[in-house]
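Remarks on the structure that follows.
Order of the sequence lines sets the chain letters (A, B, ...), proteins ahead of strands, with each chain counted from 1. Values in this document were obtained by computation on a predicted structure and should not be read as measured data.
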Amino acid sequence: MTDVRVRFPPSPTGYLHIGGARTALYNWLFAKKHNGKLILRIEDTDADRSTQESIDGIIEGLNWLGITWDEGPYFQTEFADEHVACAQKLLDEGKAYKCFCSKEELEEKRELAQAEKKDYQYNGPCRNLSTEEVAEKEAGGLPYVIRFKTPKMDGVVDFDDKVLGNVARTYDDIEDFVIVRSNGKPLYLLCNVVDDIRDRISHVIRGQDHLGNTARQILIYRALGAEVPEFAHMPLTLDLKKAKISKRSHGEIVAVQFYKANGFLPWALCNFLVLLGWSTSDDQEIFSREELIDCFTLERINHSNSIFNYRKDDPKFFTDPKAISINEHYLRTVPIEEIYLLVKSDLQEQGLWSDDYDGDKKEWFLHTIDLIRSRFHTIKDFAVLGRAYFDDDYEFEEKAVRKNILKHEGLKEWFPVLADRFAALPEYNKDTAEEAIRGYATELEIKPGVLINGARTILTGRLAGPGMFDVLEVLGQERVARRLRDVAKLYDV
RNA sequence: GUCCCCAUCGUCUAGUCAGGUCCAGGACACCGGCCUUUCACGCCGGCAACACCGGUUCGAAUCCGGUUGGGGACGCCA
């Protein structure tokens with residue numbers, strides 16, 4: 001294979017959404033796999049809709065996901081002269097022509113055709129204007145667009161799509177499409193090809209929504225005398241109603257930023273995204289970066305669209321359940337150091353961070369997040385569900401208080417006693433704590449579970465959590481004793 | 001209306017190119033059980049799909065044709 005050079009060309013008209021991220025990811029994987037280069041090109045030719053905010057958001061999103069590029073970001077507008085020059089070249093060589101038909105006139109025809117349920121194609125008179133006629137109209141100050149002159153011939157324009165196989169379209173079916181607006185600005189179809197030629201793109205990996213563009217773009221490549229790259233059209237991601245996912249109809253749930261803000265591990269999102277339309281033959285679903293790069297191939301991309309399984313207002317899953325499950329998997333299995341910084345920055349944001357965690361108490365901190373992480377869904381849970389481990393001001397689950405505290409009136413007396421016993425322990429650790437708690441239960445002739453579950457609730461505020469003796473150790477002698485002595489407050493309400 | 005793409009559990013999918021080993025496998029979700037002081041993890045089990053109709057064939061999820069369904073494109077957007 002010749003040098004692999006692929007590109008990700010977002011138009012900066014909104015944030016980076018998961019569909020775009022998936023396209024970028026596939027390109028990135030393909031580049032990595034073949035020791036190729038990924039080029040980031042911002043397609044900002046639509047001046048009305050492009051924003052700096054959006055450019056920043058896209059770059060931030062890619063960075064967060066760990067999708068790195070080797071060249072760029074280039075900006076399409078910087079190459080405007082080149083686009084115009086290519087259009088001129090096509091004009092000079094008779095491969096394109098000036099069309100003086102007015103926009104209004106054409107729109108009218110198109111609407112008419114639609115109303116009559118007939119096919120519409122530009123078939124205007126301008127294709128065959130003589131040089132004199134053109135000069136005359138121009139002299140008269142008539143505005144014009146430049147149209148590509150599609151060869152009038154039998155047969156098809158076809159290409160061997162790396163995902164779909166052979167895809168063909170008859171010449172007949174391709175109208176003389178506009179490549180330059182009447183204001184002199186070249187259009188996407190042209191710019192994109194010119195840029196891809198300049199950037200020596202070898203493989204165009206993009207969504208199937210571009211499938212209809214490909215035949216026309218191949219015509220441009222040929223007219224410009226350039227080599228046609230390989231194409232790979234990946235399936236689209238739809239919502240449960242089978243509509244294309246978009247910011248407008250789905251809001252932030254489809255924004256990469258949303259996953260960052262909601263405590264996803266970036267690689268977990270990538271892993272989820274890659275599975276939306278691609279798979280291996282051996283049922284593997286969890287991949288390290290290296291594994292994925294190694295086994296990724298365009299040929300194993302699915303042909304059919306996939307559905308992003310997100311139910312609005314689902315109380316249990318705030319996004320696709322599979323995405324959450326993959327995130328949980330990574331959250332509880334990656335080396336603790338890999339989530340340490342993410343947890344740190346979230347605790348900092350929540351005002352729960354202490355610099356000791358980075359110093360004297362670092363070992364304690366790592367051990368603690370390791371202990372509690374298997375029950376969590378996202379990084380955000382450390383500060384919410386795990387708050388009691390980092391701060392004395394935590395909430396009590398109502399159900400837990402009812403079930404584990406209020407049900408046992410005796411705890412009001414027992415816990416202060418237990419607190420004293422813990423405090424008096426010359427050596428305090430999970431074993432001595434367990435001994436103390438079990439011994440006391442025996443004395444009281446109650447089941448140890450009453451003390452254990454009650455302790456969990458008063459110490460952590462929660463109904464469920466890690467093994468109690470681990471919790472006792474992690475929380476430490478002083479905190480445990482203090483919180484147990486305070487049991488009366490739970491009966492007050 | 002025209003053109004293009006697609007069609008396996010609720011969702012993501014394996015199997016389709018080289019038909020039999022598939023009364024269809026895995027994952028998520030869901031339901032049961034085990035483990036356990038709780039919950040989670042883990043483990044065991046369950047529910048659940050080849051869109052339809054024809055054809056080819058000894059044999060079809062797989063090949064062919066049609067139907068239906070879904071998606072995309074049809075801009076002086078990208």
Side-chain angles (χ1 to χ4, degrees), chain A residues 9-13 43-46 48-50 76 99 102-103 106-107 110 113-121 143-147 161 163-165 167-170 172-175 177-183 185 187-189 191-192 207-215 233 235-236 238 240 242-244 272 275-286 302-310 316-317 320-326 328-329 332-333 372-376 400 403-404 437-438 441 447-457 462-469:
Chain A
S11 66
T13 54
E43 304 216 323
D44 55 349
T45 51
D46 186 348
D48 295 343
R49 295 195 300 148
S50 297
Q76 197 160 51
C99 169
S102 82
K103 202 174 177 178
L106 295 177
E107 260 168 29
R110 189 180 305 128
Q114 267 173 7
E116 289 176 356
K117 297 226 178 262
K118 279 190 181 153
D119 185 23
Y120 171 79
Q121 238 193 44
Y144 62 87
V145 297
I146 299 175
R147 285 183 186 273
D161 190 277
V163 173
L164 300 169
V167 179
R169 197 166 162 187
T170 59
D172 254 12
D173 192 41
I174 306 171
E175 70 166 0
F177 51 97
V178 177
I179 53 176
V180 179
R181 295 177 172 99
S182 56
N183 66 6
K185 304 267 189 219
L187 256 6
Y188 167 80
L189 243 21
C191 299
N192 189 249
Q208 278 181 21
D209 48 347
H210 284 284
L211 205 48
N213 291 333
T214 306
H233 289 91
L236 270 15
L238 313 175
L240 279 165
K242 305 234 169 129
K244 226 170 126 178
F272 166 70
L275 256 19
L276 231 41
W278 175 89
S279 64
T280 61
S281 58
D282 65 359
D283 295 332
Q284 185 175 356
E285 295 202 315
I286 299 292
N302 246 260
H303 296 195
S304 48
N305 295 338
S306 56
I307 291 171
F308 175 60
N309 189 14
Y310 154 68
K316 202 164 171 195
F317 302 104
D320 189 311
K322 187 131 187 175
I324 295 177
S325 118
I326 290 174
E328 289 167 349
H329 173 86
R332 66 173 179 261
T333 56
I372 58 184
R373 65 173 167 164
S374 85
R375 289 158 186 79
F376 292 168
K403 193 173 164 193
N404 290 335
I437 215 166
R438 288 198 189 278
K447 281 188 284 189
V450 174
L451 293 179
I452 291 169
N453 291 325
R456 180 175 357 265
T457 296
R462 318 223 36 106
L463 189 59
M468 202 51 220
F469 309 115

Exercise. Taking it one step at a time, do A:Asn404 and A:Thr457 satisfy side chain to side chain donor-acceptor pair (under 3.5 Å)?
Worked result: CA-CA 7 Å; A:Asn404 290 335; A:Thr457 296; 2.9 Å; yes
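- Pair assignment for B:rC43: B:rG33, on the basis of Watson-Crick or G-U wobble contacts that are both within less than 3.5 Å.
- As a whole-Å value, the separation of A:Arg169 CZ from B:rC3 C1' is 6 Å.
- In this structure, A:Arg110 reaches the sugar-phosphate backbone alone: every heavy-atom distance under 4.0 Å involves primed, P, OP1 or OP2 atoms, never a base.
- In a base pair of the Watson-Crick type (N1 to N3 plus N6-O4 or O6-N4) or a G-U wobble (N1-O2 and O6-N3), with each distance short of 3.5 Å, B:rU16 is matched with no nucleotide.
- Each of A:Asn213, A:Thr214, A:Asp209 was checked for a side chain to side chain donor-acceptor pair (under 3.5 Å) with A:His233, and the lone residue meeting it is A:Thr214.
- Checked against the 6.0 Å centroid criterion, the rings of A:Tyr188 and A:His210 qualify as a close aromatic pair.
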Exercise. Which letters describe nucleotides 10-16 of chain B, given B = protein heavy atom under 4.0 Å from base, S = only from sugar-phosphate, - = neither?
Worked result: SSBSSS-
Exercise. Just by protein heavy atoms under 4.0 Å, how would nucleotides 38-49 of chain B read 5' to 3' in B, S and -?
Worked result: BBBSS-------
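- In this structure, A:Ile174 and A:Arg169 have side chains that are in contact, with non-hydrogen atoms separated by less than 4.5 Å.
- Scored by the salt bridge (charged side-chain N to carboxylate O under 4.0 Å, His left out) test, A:Lys447 finds no partners at all (sequence neighbours excluded).
- When Watson-Crick and G-U wobble pairs are counted only if both distances are under 3.5 Å, B:rC9 pairs with no nucleotide at all.
- Nucleotide B:rA51 forms a pair with B:rU67, judged by Watson-Crick or G-U wobble geometry with both contacts under 3.5 Å.
- Backbone-only engagement by A:Thr45 is indicated by non-hydrogen atom pairs under 4.0 Å involving sugar-phosphate atoms exclusively.
- As a whole-Å value, the separation of A:Lys185 NZ from B:rA78 P is 11 Å.
- Across all strands, A:Pro321 comes closer than 4.0 Å only to sugar-phosphate atoms, never to a base (heavy-atom distances).
- For the pair A:Gln121 (side chain) and A:Asp173 (backbone), a donor-acceptor distance under 3.5 Å is present.
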For this session: Give the C-alpha distance, both sets of side-chain angles, the deciding distance and a yes or no for side-chain contact (heavy atoms from CB on, under 4.5 Å) between A:Asp320 and A:Phe272.
Result: CA-CA 9 Å; A:Asp320 189 311; A:Phe272 166 70; 3.5 Å; yes
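- Within 3.5 Å, a donor on the side chain of A:Ser182 pairs with an acceptor on the base of B:rC76, or the reverse.
- You'll find the side chain of A:Glu285 stays beyond 4.5 Å of the side chain of A:His329, heavy atoms only.
- At least one side-chain nitrogen or oxygen of A:His303 sits closer than 4.0 Å to the OP1 or OP2 atom of B:rC6.
- Residue contacts for A:Lys244: at a heavy-atom cut-off of 4.0 Å it reaches the sugar-phosphate backbone alone, with no base atom in range.
- The minimum heavy-atom distance between A:Asp44 and A:Ser50, with the atom names listed, is CA-OG, 3.6 Å.
- The P atoms of B:rC52 and B:rG33 are separated by 36 Å, rounded to the nearest whole Å.
- Pairing each heavy atom of A:Pro448 with each of A:Ala441, the nearest pair is CA-CB, 3.8 Å.
- One atom, NZ of A:Lys103, and another, P of B:rG75, lie 13 Å apart when rounded to the nearest Å.
- When both pairing distances are held under 3.5 Å, B:rU2 makes a Watson-Crick or G-U pair with B:rA73.
- Among the protein residues, A:Ala215 comes within range of no part of the nucleic acid, since none of its heavy atoms lies under 4.0 Å from any strand.
- Stacking of the aromatic ring of A:His210 onto the base of B:rG72 is not found under the criterion of centres within 5.5 Å and planes under 30°.
- We find that CG of A:Leu238 is positioned 17 Å from P of B:rC5, with the value rounded to whole Å.
- Counting heavy atoms from C-beta outward, A:Val450 and A:Ile452 have side chains that stay 4.5 Å or more apart.
- The separation of B:rC3 from B:rU8, taken at their C1' atoms, amounts to 28 Å, rounded to a whole angstrom.
- Side-chain contact between A:Leu164 and A:Leu211 is present, with heavy atoms from C-beta onward closer than 4.5 Å.
- A straight line from CG of A:Leu236 to P of B:rG71 spans 11 Å, rounded to a whole angstrom.
- Comparing B:rC12 with B:rG66, their C1' atoms sit 30 Å apart, to the nearest whole Å.
- A gap of 32 Å separates the C1' atoms of B:rU36 and B:rG25, to the nearest Å.
- Heavy-atom distances to RNA chain B give each of A:Ile452 and A:Val180 a nearest nucleotide, and the one nearer the 5′ end belongs to A:Ile452.
- Following rounding to the nearest Å, A:Glu175 (CD) and B:rC76 (P) show an atom-to-atom distance of 8 Å.
- Put simply, the side chain of A:Lys185 does not reach to within 4.5 Å of the side chain of A:Val180, judged on heavy atoms.
- Summarising the geometry, the separation between CZ on A:Phe177 and P on B:rG75 is reported as 13 Å, rounded to the nearest angstrom.
- Two residues are said to be in side-chain contact when any heavy atoms from C-beta on lie closer than 4.5 Å; A:Ser304 and A:Pro235 fail this criterion.
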Exercise. What does nucleotides 61-66 of chain B look like as a protein-contact string, B for base, S for sugar-phosphate only, - for none, at under 4.0 angstrom between heavy atoms?
Worked result: ------
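- A:Arg456 places a side-chain N or O within donor-acceptor distance of the main-chain N or O of A:Pro466, the cut-off being under 3.5 Å.
- Only the C1' atoms considered, B:rA78 is 39 Å distant from B:rU62, to the nearest whole Å.
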Exercise. If the sugar-phosphate is the primed atoms plus P, OP1 and OP2 and the base is the rest, what is the B/S/- string for nucleotides 17-24 of chain B, using protein heavy atoms under 4.0 Å?
Worked result: --------
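- If you check every strand for non-hydrogen atoms under 4.0 Å, A:Val145 touches a base.
- Side-chain atoms of A:Gln76 lie closest to B:rA78 of the nucleotides B:rC4, B:rG72, B:rA78.
- Taking every heavy atom of both residues into account, A:Gln208 and A:Asn305 meet most closely at OE1-OD1, 4.1 Å.
- Spacing of P atoms, B:rC28 relative to B:rG46, comes out at 16 Å, to the nearest Å.
- The CG-P distance, from A:Leu211 to B:rG72, rounds to 13 Å in whole Å.
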For this session: List the steps and the verdict of side-chain contact (heavy atoms from CB on, under 4.5 Å) for A:Arg181 and A:Leu187.
Result: CA-CA 7 Å; A:Arg181 295 177 172 99; A:Leu187 256 6; 3.6 Å; yes
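- Looking at A:Asn309 and A:Lys322, their side chains never come closer than 4.5 Å, going by heavy atoms from C-beta outward.
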Heteroatom pairs (N/O) under 3.5 angstrom, protein to nucleotides 30-35 of chain B:
residue: B:rC30; atom: OP1; partner: A:Lys316; partner atom: NZ; Å: 2.1

Exercise. Do A:Val178 and A:Leu189 pass the side-chain contact (heavy atoms from CB on, under 4.5 Å) test, and can you show the C-alpha distance, the side-chain angles, and the key distance before you say yes or no?
Worked result: CA-CA 9 Å; A:Val178 177; A:Leu189 243 21; over 6 Å; no
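- Using a 4.5 Å heavy-atom cutoff, the side chains of A:Leu240 and A:Tyr310 are not in contact.
- A gap of 22 Å separates the C1' atoms of B:rG54 and B:rA49, to the nearest Å.
- Using atom P as the reference point in both B:rC23 and B:rU16, the two lie 15 Å apart (nearest Å).
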